[in-house]
Structures are given as C-alpha cells and as structure tokens.
Amino acid sequence: MKLHDTLSRTVRDLRPRDGRTFRFYCCGPTVYGPAHIGNFRTFVLQDVFRRTIELSGVPTRHVRNLTDVDDKTIRDSQAAGQTLVEFTRHWTERFHEDCAKLNLLPPHEEPGAVGHIPQQIALIEALMEKGHAYRSEDGSVYYKVSSFGEYGKLSHLDRRELRLGAAVADDEYEKDSVADFALWKARKPEDGDNWWDSPWGPGRPGWHLECSAMCREYLGETFDLHSGGVDLIFPHHENEIAQSEAATGHPMADHWFHLTHLLVDGGKMSKSLGNFHTLDQIEAAGFTGNDLRYALISAHYRQPLNFVARDKEGKESFPSLAGARQALERIAKFDAALRERFETQQGTVADSTGYDQLRALPEADRGAFAPAFEALLNDLNTPDALGRVFSAIREGKPAELSPDEALREWRGLRFVMEALGLRVPEPDRESAEIPEAVRALAEKRWAARAAKDWATADSLRAELGELGWEMKDGREGYELAPKG
RNA sequence: GGCGGGAUAGCCAAGUGGUAAGGCCGAGGUCUGCAAAACCUCUAUCGCGGGUUCGAUUCCCGCUCCCGCCUCCA
C-alpha cells in the first residue's frame with residue numbers, strides 16, 4: 001500500500017524490510033485518566049492501517065507502548081493515594097475496555113516504561129559512551145542535541161528556531177543548552193517512591209527514552225514504521241530519532257505515519273471549553289463505540305476532522321454520531337438483504353467471515369466492494385472507501401442476485417467492513433426496554449389493525465406517540481422504537 | 001517570527017487540468033389502510049484577487065480568515 005511519510009513529506013510505498021512481516025510502533029497513551037476521542041481518532045486510524053496491511057496479505061508485528069511513569073501519573077497516583085503501579089493498572093484496564101468497544105485489535109506487544117528500566121539505562125550508557133549525553137550536577141542526564149547533526153530532520157525545525165521557542169519557559173538551568181532534553185531525571189522529593197537506581201544516581205527515565213528503548217527491544221534497530229499524533233512530531237519523535245540513531249548508527253524507522261488532530265465543533269478539545277469527550281459520555285448519550293469509530297474514520301487521516309458535538313441550538317446531541325448511526329444502519333440493511341438471498345438455500349455462513357478467515361479472501365471474490373478496499377491501499381483514504389461502499393450499495397440489487405452472487409457480494413462487504421473495523425449492527429435491534437404499558441397498547445393496536453378498525457388503530461398510534469414510542473408495522477409483526 | 005494543515009452544498013466529507021464521490025438532514029415521488037421501511041428524484045460553479053492554459057475547484061503568485069506545532073499533549 002501507499003502511505004504518506006512525514007520524513008520525506010511524500011506518499012511512498014510500504015514494504016516490510018524483512019520481506020515478510022510489517023513491523024511498526026505506535027506511541028500509546030499516558031495512563032492517568034480516560035482517553036478522549038481525539039486519542040482514539042489516532043488509535044482507530046492506526047488500527048485501520050494495520051487491518052489494511054494484514055488483509056492485503058502481509059502479517060504485522062504491532063507494538064504500542066503505555067506511558068506509565070511521568071509527572072502526571074506520579075502526581076495523580078499520589079493524589080489518589082495509590083501506588084504508581086496500582087494507579088496505572090486501573091487506567092490501563094479502562095483503556096483496554098474502551099479499545100475493545102472501538103473494535104481495536106490488541107497490539108502484539110504493549111510494553112510500559114516501568115517494566116523496561118534496564119533497557120533504558122543501557123541506551124543512556126550507549127549514548128554516554130559515544131558522547132551524545134552528559135550528566136549534570138544534580139544527577140540528571142541530558143541528551144546533547146548539538147552532537148547529532150541531523151537533529152530537526154523530521155520536524156524541519158532548525159536549532160535557531162528551537163532556541164527561540166524553548167527559551168521562554170525553561171527553568172532547567174542544569175542543561176548546557178536549552179534544546180537539550182532529559183534522558184534521566186534525578187530523583188526529586190515529590191517523586192516519592194517512584195525512583196530507580198542508575199549509574200548516575202537514583203531517578204527516573206525521561207519521556208522520550210522509553211519509546212527508543214522499547215522500539216529497539218521489540219522491533220530492532222531499524223523497523224518499518226513509527227506512528228503517532230502530529231503533536232508528537234516535535235519534540236517527541238525528533239528526540240527519539242536523535243536517541244536511537246545516535247546510539248545505533250542506523251535509521252530508526254523507514255516510514256513515519258502521523259495523524260492529524262480531531263477538532264470538536266471547529267476548535268481544539270479542552271476541558272476548560274467543556275468539549276472534552278470520552279467514550280463513557282458518548283455511551284451515556286445512547287451511542288456505541290461502533291458509531292464513534294465510524295465518525296472517526298469519516299475524514300482522511302491527514303485532514304482535521306470536525307467532530308460535531310453540538311447542534312444548531314447548542315445542545316450536546318452529537319450530530320456526527322447520529323449521522324454515523326444512520327449510515328451504519330443502512331449498511332446493515334443491505335447486509336441483511338444480501339444474506340436473505342443465500343441463507344435459505346445455503347444455510348448460515350456468517351461464521352465463515354471472521355477477520356482471520358477473510359484475510360485469505362482473493363480480490364476477485366470481493367465483488368462490488370473491491371474498489372472500496374483499493375481506496376484504503378491509496379494512502380489510507382477511509383472517506384473514499386466509505387463513499388465507495390455506499391456507491392456499491394446504491395448500485396447493488398440484492399433481489400436480482402443469484403444466491404452465489406449474493407454470497408460473494410456479502411463476503412466483499414464484510415471484507416471491507418473488517419478492514420475498516422466496523423461492526424455490522426443488527427438491523428432490528430431494540431435499543432431500549434419497552435415498558436409493560438407500551439407493550440399492551442401496541443398489542444391492542446395490532447389487534448385493531450388486524451380487524452381493519454383503522455380509527456382505533458390510529459388513536460392508539462397517537463397514544464403511543466405521546467408516550468414517546470413509535471410503532472412500525474411489518475408484514476408479520478411490529479417493532480417498537482423510542483421516538484426521536 | 002519559524003514549521004505545517006485547512007477554506008468544497010444546511011452539516012460532515014472525497015476528488016480531478018476538461019465544468020464536482022459519498023454520508024447525514026431536508027424536499028418531492030412510487031409503494032404499503034395511516035405511519036415506518038425500501039426504492040427513485042432534487043439541492044454546490046469548489047474563500048478572495050490575479051496569472052499560466054484551448055480550458056482550473058484542481059498548477060503558480062498575492063490576499064483574507066481558521067487550526068495545529070515550536071512548552072506537557074493522540
């Protein structure tokens with residue numbers, strides 16, 4: 001497939017350098033609170049990326065870290081009266097629950113900084129040996145940016161510019177240069193019990209170091225792709241490159257994949273603006289992780305995506321999610337119409353279309369949905385892929401297909417849905433509990449309708465409406481749905 | 001100031017040097033007692049001003065706004 005590369009600023013072909021497995025690293029969350037939907041935009045797109053690679057026939061090795069020691073995790077664990085490990089375990093579990101609801105494939109490895117202190121120390125030692133790092137008075141160790149000639153190649157910032165920006169808020173006068181960054185942070189009283197021994201004294205690793213060390217540990221000196229949100233380009237990934245490449249003398253990654261941020265109602269999401277959203281909140285509003293996933297992939301990953309949370313009246317009703325739900329519903333209905341064509345004669349084959357079975361689905365067997373997958377191979381164009389799914393649906397006439405044709409189209413649809421990681425919802429789901437009184441009214445109306453007593457039927461329909469329920473007549477029965 | 005991304009119908013959002021996918025919402029229609037569903041149809045000259053070109057939304061220049069990064073951040 002083709003994908004944009006931040007380092008070269010071009011769209012380039014992706015190939016596993018070992019010719020077999022595509023090995024990539026994604027910067028994961030800092031586990032000190034619930035992840036927000038902006039974080040999930042990144043993780044969801046990375047997941048679509050992985051699925052696209054795998055479904056095109058290339059196995060992957062996916063590593064995503066958990067940042068489990070930094071200022072925030074230490075501060076908040078202390079405030080919660082928990083050990084750092086207890087605290088981060090709790091938020092890690094919560095993160096995993098959210099990931100499952102969003103249908104994210106678990107990474108093959110999910111290492112944390114705390115579990116890789118020796119590897120990080122070893123990396124610092126290598127940098128010290130080669131003259132890329134120095135110890136300060138207080139026992140911290142800093143990376144000497146001026147020692148790495150290529151510093152700035154990813155973010156295209158030169159040192160002069162860096163200095164201007166960094167000079168403002170910097171209070172770390174231990175450093176030789178304001179551009180230098182901490183590899184090892186000397187123990188401070190407020191760190192409490194959260195410190196480790198090192199050749200330079202007690203302390204804890206700097207943020208950028210963990211990724212360099214764990215990339216090396218799980219993927220080797222050079223691997224295929226490194227990914228994260230655009231905000232990580234500088235300084236995080238720039239610093240990772242400086243650390244890793246200075247230590248090994250080899251390029252860190254062949255490809256850099258960065259994801260543009262989500263906007264909420266046209267602006268940046270922040271707690272102070274009251275537009276900071278988590279999956280919990282979205283579920284409380286009656287939407288699912290699947291709805292959110294659809295909304296998050298509805299724009300190209302290099303474009304800002306405007307998540308609309310408030311309607312024209314300023315009410316928080318999540319128009320973006322309502323649209324996503326309707327769109328998914330249409331897909332589900334088309335899916336059901338296809339199944340109807342072949343299931344009666346060939347039995348149920350739903351079990352034969354899990355993610356793993358579909359990995360082997362040949363292109364010729366993807367029917368009208370083959371072009372949608374092609375869109376993903378072209379720089380992961382998820383909105384184009386969705387557009388092509390609906391074009392195929394519009395063109396498709398399930399009623400005119402033979403059972404074999406319907407089965408092929410259905411597998412094609414499921415294949416693309418798996419690539420996008422979207423679940424096909426049950427079309428006839430009943431989203432809320434139906435009160436006894438409502439059920440009784442509905443039964444009465446159904447009887448009146450059967451007796452062609454239209455007047456009674458209509459007045460009962462109105463009565464149900466006042467209770468907030470809508471009755472949908474079918475050929476063989478009715479459905480009740482909450483109005484709205 | 002530096003680096004980068006935007007500006008496409010009511011909303012969301014693709015795309016192309018030859019007069020613009022798709023989704024949501026809305027309107028009209030077919031159908032079914034009604035309603036719903038389904039299906040069909042309809043809704044944009046692509047921020048502004050120049051330039052290149054037979055022809056630009058798509059390339060170039062300038063401008064105006066918006067957003068991100070340059071300090072922790074997906």
When rounded to whole Å, the CG to P distance for the pair A/L422 and B/rG22 reads 19 Å
Counting only side-chain nitrogens and oxygens, does A/N306 get under 4.0 Å of the OP1 or OP2 atom of B/rC12?
yes
Check every strand shown and say whether A/Q46 touches a base, only sugar-phosphate, or nothing at a heavy-atom separation below 4.0 Å.
nothing
Under 4.0 Å from OP1 or OP2 of B/rC34: is there any side-chain N or O of A/R449 that close?
no
Could you verify whether a donor N or O on one side chain and an acceptor N or O on the other, from A/T67 and A/E210, lie under 3.5 Å apart?
yes
What residue among A/F257, A/Y25, A/F24 forms ring pair (Phe, Tyr, Trp, His ring centres under 6.0 Å) with A/H226?
A/Y25
Of all the nucleotides listed (B/rC70, B/rA36, B/rC67), which has the minimum atom distance to the side chain of A/K472?
B/rA36
Separation of atom NZ in A/K452 from atom P in B/rC34, rounded to whole Å:
11 Å
When you compare the ring of A/W454 with the six-membered ring of B/rG33's base, are the centres less than 5.5 Å apart and the planes under 30° from each other?
yes
Do A/S244 and A/S212 get their side chains close enough for a donor-acceptor pair, meaning under 3.5 Å?
yes
I'd like to know if A/K153 and A/E245 make a salt bridge, using a cut-off of under 4.0 Å between side-chain N and carboxylate O.
yes
Can you measure A/N65 atom CG to B/rC73 atom P for me and round it to whole angstrom units?
11 Å
